[in-house]
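Take a look at the structure set out below.
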Amino acid sequence: MPLPRNKISLIHVAKSRLGLGDEDYRALLMRVAGVESSRDLDNFDFNQVMAEFQRLGFKSDFNKNNFGERVDR
């Protein structure tokens with residue numbers, strides 16, 4: 001079953017924040033999950049790739065609630 005769009009987006013956010021070029025990104029996907037594209041990942045592979053991104057320094061705010069700025073009244 002393909003990954004939901006929000007998980008694929010998170011992978012691309014991590015790639016960008018870590019400053020990975022396309023070649024390095026695809027090499028990471030191949031090394032960690034044996035795939036060439038994030039579209040080929042399953043949930044297990046997604047978790048493996050995200051663990052590798054975290055090892056490289058990525059900190060996800062995927063589950064963080066964003067309520068915007070509040071003005072004191």
Who passes ring-ring contact (aromatic ring centres under 6.0 Å, His included) against Tyr25, sequence neighbours left out? His12
Could you tell me which residues satisfy side-chain contact (heavy atoms from CB on, under 4.5 Å) with Gln54, sequence neighbours excluded, listed by chain and number? none
Assigning hydrophobic clusters by single linkage (Ile, Leu, Val, Met, Phe, Trp, Tyr; side-chain heavy-atom cutoff under 4.5 Å), is Met30 placed with Phe46? no
May I have all residue pairs that pass salt bridge (Lys or Arg N to Asp or Glu O under 4.0 Å) and include part of residues 29-42, sequence neighbours excluded? Arg31-Glu52
Measuring from atom CG of Leu10 to atom CZ of Arg5, what distance do you get when rounded to the nearest 0.5 angstrom? 15.0 Å
Under the side-chain contact (heavy atoms from CB on, under 4.5 Å) test, residues paired with Ala14 that sit two or more places apart: Phe53, Phe58
Not counting sequence neighbours, which residues clear side-chain contact (heavy atoms from CB on, under 4.5 Å) with Asn43? List them please. Leu3, Lys7
Check side chain to side chain donor-acceptor pair (under 3.5 Å) between Arg26 and all other residues, then give those that pass, not counting sequence neighbours. Asp22
Between atom CD of Gln48 and atom CG of Leu28, what is the distance when rounded to the nearest 0.5 Å? 11.5 Å
Which atom names give the shortest non-hydrogen contact between Leu29 and Ser38, and what distance separates them? CD1-N, 3.7 Å
Taking all non-hydrogen atoms of both residues into account, name the closest pair between Ile11 and Leu41 and its distance. CD1-CD1, 3.4 Å
